[in-house]
Asker: 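One structure follows; several queries about it will come next.
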Amino acid sequence: MKLQRTRILSFSAALALALVSVASADEGKAIFNGKDLTGWEGNPDLWSVQDGAITGTTKGATPEDKKSTLKHNTFLVWKDGTVGDFELTFKYRIVAGNSGVQYRSKELPKGEHGPIVSGYQADFEAGKTYSGILYEEKGRGILAKRGEKTTIKPGPDGKKPVVEVTGSVGNSDEIQASIKAEDWNEYKIVAKGNHLQHFINGKQTIDVTDEDSANAAKTGILALQIHAGPPMVVQFKDLILKESK
């Protein structure tokens, strides 16, 4: 009787541990520790941690300059793995300029100001045009504007794709109106197979099926962008990655 009870208790403990493990997997993992840039690589003159957030900053040669000294877009690259099918949630805040999160991307040779990356980008900006779109950095360009549902087909030349708008996921102006200027917003990226979706503050911004198989990446790196142009500040926090098996 005692042995049977011990076995029941052992089984219960094992079951509880398994349930905790499943719950942890469902909740995802933090890929930024909130303190420093461990696990990330980029130009330390541009990237730091301030107020518990990854912070990218560019400046002009003088305080009056309307253009930063940055000569090319550069990135902070997550070095602890790659992503295929996944869901990433994070919060962002931006003052001036343009930024985004690269996913299923690849590193190119470094530039004067740090890493250069090519691939899918979940775009956002301080302006009112590009936040939420799907852009392919150093690749096929805009694959879906905000509010669009698109299917990407191979182009006749094998490079420039045919972007077919097949529907809508929302009104672009209404989505933009829900984005808080110079304040924290929540972004979600969902990638499963060739199906890609972006959301900002709970509103879906794009829905893309990428049938251009020669150019549609299935796996690659994650990276955060600082864009050339006006002096800017961009911040990221609460980055949680859930990977699908």
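What's counted below: heavy atoms across the whole structure, side chains too, no hydrogens, waters or symmetry copies. What you see is a predicted model, and the numbers here were worked out from it, not measured in a lab.
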Asker: What class does the angle between the rings of F124 and F236 fall in, given that below 30° is parallel, 30 to 60° is tilted and above 60° is perpendicular?
Answerer: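 It falls in the perpendicular class, over 60°.
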Asker: Would you call V162 and P154 a side-chain contact if the rule is heavy atoms closer than 4.5 Å?
Answerer: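 Side chain of V162 against side chain of P154, heavy atoms only: no contact under 4.5 Å found.
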Asker: Supply the atom-to-atom distance E136 CD to I152 CD1, rounded to the nearest 0.5 angstrom.
Answerer: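 So the gap between those two atoms works out to 9.5 Å.
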Asker: So with a 6.0 Å cut-off around CZ of F199, is the heavy-atom count from everything else above 12?
Answerer: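 Atom CZ in F199 is packed in, count exceeds 12.
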Asker: Main chain of I206, side chain of H198: is a donor-acceptor contact present, judged purely on distance under 3.5 Å?
Answerer: no
Asker: Check the orientation of Y187 and F90. Use parallel for under 30°, tilted for 30 to 60°, and perpendicular for over 60°.
Answerer: parallel
Asker: Hey, any chance Y92 and W47 share a hydrophobic cluster, counting ILVMFWY side chains that come within less than 4.5 Å of each other, even indirectly?
Answerer: yes
Asker: Can you tell me how far CG of L196 sits from OG1 of T209, rounded to the nearest 0.5 angstrom?
Answerer: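 Going from the OG1 atom of T209 to the CG atom of L196 covers 8.0 Å.
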Asker: Are any of the side-chain heavy atoms of L37 and V49 separated by less than 4.5 Å?
Answerer: yes
Asker: Could you tell me whether K180 atom NZ has more than 12 heavy atoms of other residues or ligands within 6.0 Å of it?
Answerer: yes
Asker: Can you hop from F75 to L134 via hydrophobic side chains spaced under 4.5 Å?
Answerer: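 They do not share one cluster, since no chain of ILVMFWY contacts under 4.5 Å joins F75 to L134.
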Asker: Quick one: sort the F86 and Y103 rings into parallel, tilted or perpendicular, breaks at 30° and 60°.
Answerer: perpendicular
Asker: Would Q50 and S48 count as having a side-chain donor-acceptor pair, cut-off 3.5 Å?
Answerer: yes
Asker: Apply the side-chain hydrogen bond (donor to acceptor under 3.5 Å, both in side chains) test between D210 and each candidate in R140, K218, K153; give the one that qualifies.
Answerer: R140
Asker: Taking Y120's backbone N and O only, do any of them form a donor-acceptor pair with Q102's side chain (distance below 3.5 Å, no angle check)?
Answerer: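 At least one qualifying donor-acceptor pair exists.
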Asker: Looking at D85 and R104, does any basic side-chain N land under 4.0 Å from a carboxylate oxygen?
Answerer: yes
Asker: Could you walk me through whether S131 and E125 pass the side-chain contact (heavy atoms from CB on, under 4.5 Å) test, one step at a time?
Answerer: CA-CA 6 Å; S131 293; E125 61 163 341; 3.6 Å; yes
Asker: Walk me through it: do K203 and I200 pass the test side-chain contact (heavy atoms from CB on, under 4.5 Å)?
Answerer: CA-CA 5 Å; K203 293 183 181 293; I200 298 180; 5.9 Å; no
Asker: Just how far is it from atom NZ of K188 to atom CD of E87, taken to the nearest 0.5 Å?
Answerer: 4.5 Å
Asker: Are L76 and I116 linked, directly or through other ILVMFWY residues, by side chains that come within less than 4.5 angstrom of each other?
Answerer: no
Asker: Using a 3.5 Å distance criterion without hydrogens, assess whether the side chain of D51 forms a donor-acceptor pair with backbone atoms of A53.
Answerer: no
Asker: Can you check whether I94 reaches M232 side chain to side chain, under 4.5 Å on heavy atoms?
Answerer: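 Of all side-chain heavy-atom pairs linking M232 with I94, at least one is under 4.5 Å.
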Asker: Starting from the C-alpha separation in whole Å, work towards a yes-or-no answer on side-chain contact (heavy atoms from CB on, under 4.5 Å) for N98 and D123.
Answerer: CA-CA 8 Å; N98 179 284; D123 208 331; 3.1 Å; yes
Asker: For the hydrophobic clusters of this structure (ILVMFWY residues joined by side-chain heavy atoms under 4.5 Å, transitively), does one cluster hold both V77 and L46?
Answerer: no
Asker: I'd like to know if I175 and V101 are part of one continuous hydrophobic network [Ile/Leu/Val/Met/Phe/Trp/Tyr, side-chain heavy atoms within less than 4.5 Å].
Answerer: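 Different clusters.
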Asker: Taking G147's backbone N and O only, do any of them form a donor-acceptor pair with S172's side chain (distance below 3.5 Å, no angle check)?
Answerer: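 No; zero donor-acceptor contacts below 3.5 Å.
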Asker: Without hydrogens or angle criteria, can the side chains of Q235 and T55 be said to hold a donor-acceptor pair below 3.5 Å?
Answerer: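 Yes - a donor-acceptor pair under 3.5 Å links their side chains.
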Asker: If you measure from OG1 on T205 to CD1 on I179, what distance do you get to the nearest 0.5 Å?
Answerer: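 So the OG1 of T205 and the CD1 of I179 are separated by 8.0 Å.
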